[in-house]
Amino acid sequence: MSEYRVEYDKNGVRWNIKDRKDGIEVQLEKENPLLEKIEVPSQLADKPVIALSEKSFYNNMSVKEIRLSDTIMEIGEAAFLNCPCLEKVSIPQNINKLPKWCFAYCRKLKEVEGLDQIIIFESYSFYKAFAAAELVLEQEIEFIGHYAFSECSIEKLYIGHIIHAGKMGFARCHNLQEVYFSNFAKAVPAYFFFACENLEKVSLNFVTAIGEYAFGKCRHLKNLKFPASLEKIGINSLFENQMESVIIPEKYNMVFYGEKAAKFIIRPTLTITLKYNEKEWKDEKKEIYYGEKIDDLPLLETTCKEIIGWYENPIQEQLSDEFLEFLVLKFGTWVKKLYETTLQPYNFEKPIYSDLLLYAKWRIKENESEKWFEAKKLCD
C-alpha cells in the first residue's frame, strides 16, 4: 500500500490520500485554512473515496459540520476525536459501525444523521461527546463498548435491545434524567448507568435482566418498578442508592439471584390476618408497627423506605356478604374498599385513598376447605 499523497478537491480543500484495493482512503490535510463546513468528496484522483483514515479530522479546532459521501464504507479509529466545535455529522448509509474514540471529546456535537442505522458502538465512541438533549437508539444494537457514551450530556434516552455490551456504557452522564427502554429491550447491562447522579425516571418496560451495579450511585433515583418480565437481577444493581419506593413482582420472592435467595420485605403499619371457614371465624391476629423503618433491599446494597410486592395476574376469590360485614364491623370501612379493589387487577400506583396504599391477596390452602385472607394497610 502506498504512502499518503496530497490531492485537492473541487472546493480547494487539501486531502491526504492513500490507495486501497477498491479506491482510496482520505485524511484532512492539516495545512488547510480554518473551515467551518466540510464535505468529504465521493471521488479524488479519479478514484472513489471509500474510507476515512484513522484520526481523519483529529484535533480540528474550527469545523462545525461534516458531510460524508455515500461512497464511504469505513470510518477509522478516532476519526473525529477532539473536534471541540463540531455540531453536526452525516453518516453514510453503508456505515453500521462506529470505531473506538470516533467522536470522543466532541462536546458540542448535537446531531448525527444516520445514527439509527448503527448497530456497533465500539469503546469510547462518544465518550464526553454528545450534547443533544435527547438521544434515540431504539434499533437492535449488536454491541455497545466500554464507556461508549460515558459522560455525555444528554438529558433523555430512548434505547432498544442490546445484544452485547461492555461496562459503563452511559456511566457518569450527569445531565441524564430520564431513560425509556423500548418494548423490544431485554437487558440493562452491568454498570450501564453507574453514577448517573441526576437520573430520576426509568421505564424498564419488558426488560428481562438487570446487570450488576446497573443503576449504582444514581442518587436521585428514588422510585423504580421492576417489570413482571424480569428474570434476573444483578447483585448491587442499586448500589448505594437511597430509594423511597421499589415495586417488585411478588413471584420473585425467594427466587435465587447469584448464590442467595432474595427475600422481599414489605413495611406495613397495620397487618390483619384472619383464618376462617364458612361457619366460624377464628385465629384472629393483628400486628401494628409504628414509625418509619428503613429496610435493606437484599442483594442490591441500598436502603428503601417502602418495598411493595405486586401481582401481574392475581387469583381472585369472592367473600360472602356475611363475612364482609364482619370484617367491616371489626376493622372499619376501609376493608370493604380494599376488598372491592382486590376484585380488580392490582394497581399500586393509584391508591384507594389519597393518604394510604393497600396491599391484599387471597391465600388458598391446599385442602381448599380453609381460606386465608390477608390485608396490609400501608400508610404513606
Side-chain angles (χ1 to χ4, degrees), residues 37-40 50-52 54 56-58 60 63-166 168-173 175-189 192-193 196:
K37 183 176 181 179
I38 297 176
E39 293 188 20
V40 179
I50 62 171
L52 290 184
E54 293 184 4
S56 302
F57 292 86
Y58 170 67
N60 186 295
V63 65
K64 293 182 178 180
E65 180 178 350
I66 299 174
R67 299 195 64 84
L68 306 182
S69 74
D70 288 335
T71 59
I72 293 176
M73 308 287 289
E74 180 185 331
I75 296 176
E77 287 190 10
F80 308 97
L81 175 63
N82 196 34
C83 293
C85 296
L86 184 60
E87 298 177 1
K88 181 178 180 179
V89 175
S90 64
I91 298 176
Q93 60 185 1
N94 296 316
I95 299 292
N96 61 17
K97 169 185 171 183
L98 295 181
K100 295 178 180 178
W101 301 99
C102 186
F103 292 101
Y105 297 100
C106 295
R107 298 180 185 273
K108 291 186 178 181
L109 185 61
K110 295 181 179 179
E111 184 177 352
V112 181
E113 294 180 3
L115 200 60
D116 58 347
Q117 71 204 24
I118 304 300
I119 61 173
I120 297 175
F121 298 87
E122 292 197 337
S123 299
Y124 299 94
S125 52
F126 283 92
Y127 180 67
K128 292 187 177 183
F130 221 96
E134 183 175 292
L135 177 59
V136 179
L137 296 174
E138 292 189 316
Q139 69 270 31
E140 181 171 272
I141 298 171
E142 186 176 313
F143 178 68
I144 291 184
H146 297 303
Y147 296 89
F149 290 86
S150 180
E151 298 188 51
C152 65
S153 299
I154 60 171
E155 298 174 9
K156 187 182 295 187
L157 171 65
Y158 296 87
I159 193 161
H161 179 45
I162 305 165
I163 299 175
H164 301 289
M168 312 292 275
F170 284 85
R172 296 195 290 269
C173 290
N175 292 344
L176 185 60
Q177 298 176 29
E178 301 176 32
V179 174
Y180 300 91
F181 286 86
S182 76
N183 291 344
F184 305 102
K186 299 299 183 184
V188 184
F192 210 55
F193 297 103
C196 291

Validation row: [X], [Y] side chains within 4.5 angstrom (heavy atoms):
{"X": "F80", "Y": "C102", "answer": "yes"}
{"X": "L81", "Y": "Y124", "answer": "no"}
{"X": "I95", "Y": "I118", "answer": "yes"}
{"X": "I75", "Y": "P99", "answer": "yes"}
{"X": "F170", "Y": "I154", "answer": "yes"}
{"X": "V112", "Y": "I91", "answer": "yes"}
{"X": "L115", "Y": "L98", "answer": "yes"}
{"X": "F149", "Y": "L157", "answer": "no"}

Return the [atom1] to [atom2] distance between [X] and [Y], rounded to the nearest 0.5 Å.
{"X": "R107", "Y": "S153", "atom1": "CZ", "atom2": "OG", "result": "8.0 Å"}
{"X": "K88", "Y": "K64", "atom1": "NZ", "atom2": "NZ", "result": "13.5 Å"}
{"X": "I119", "Y": "I163", "atom1": "CD1", "atom2": "CD1", "result": "8.0 Å"}
{"X": "C106", "Y": "N82", "atom1": "SG", "atom2": "CG", "result": "7.5 Å"}

Quiz item: Which of parallel (below 30°), tilted (30 to 60°) and perpendicular (above 60°) describes Y147 and Y127?
Solution: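 Aromatic pair Y147/Y127 classed perpendicular.
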Quiz item: Do the ring planes of Y180 and Y158 sit parallel (below 30°), tilted (30 to 60°) or perpendicular (above 60°)?
Solution: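 If you compare the ring of Y180 with that of Y158, the planes turn out parallel.
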Quiz item: Got a sec, which pairs hit salt bridge (Lys or Arg N to Asp or Glu O under 4.0 Å) with one end in residues 70-86, sequence neighbours left out?
Solution: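 Listed once each, the pairs are R20-E74.
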Quiz item: Where is the tightest heavy-atom contact between C196 and L176, given as atom of each residue plus distance?
Solution: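 Of all heavy-atom pairs spanning C196 and L176, the closest is SG-CD2, 4.2 Å.
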Quiz item: What's the shortest heavy-atom distance between K108 and C85, and which atoms?
Solution: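 Distance-wise, the nearest heavy atoms are CD-CA, 4.4 Å.
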Quiz item: Which residues pass the ring pair (Phe, Tyr, Trp, His ring centres under 6.0 Å) test with F181, sequence neighbours left out?
Solution: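 Expected list: none.
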Quiz item: Are E151 and R172 within salt-bridge range, i.e. N to O under 4.0 Å?
Solution: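 A salt bridge links E151 with R172.
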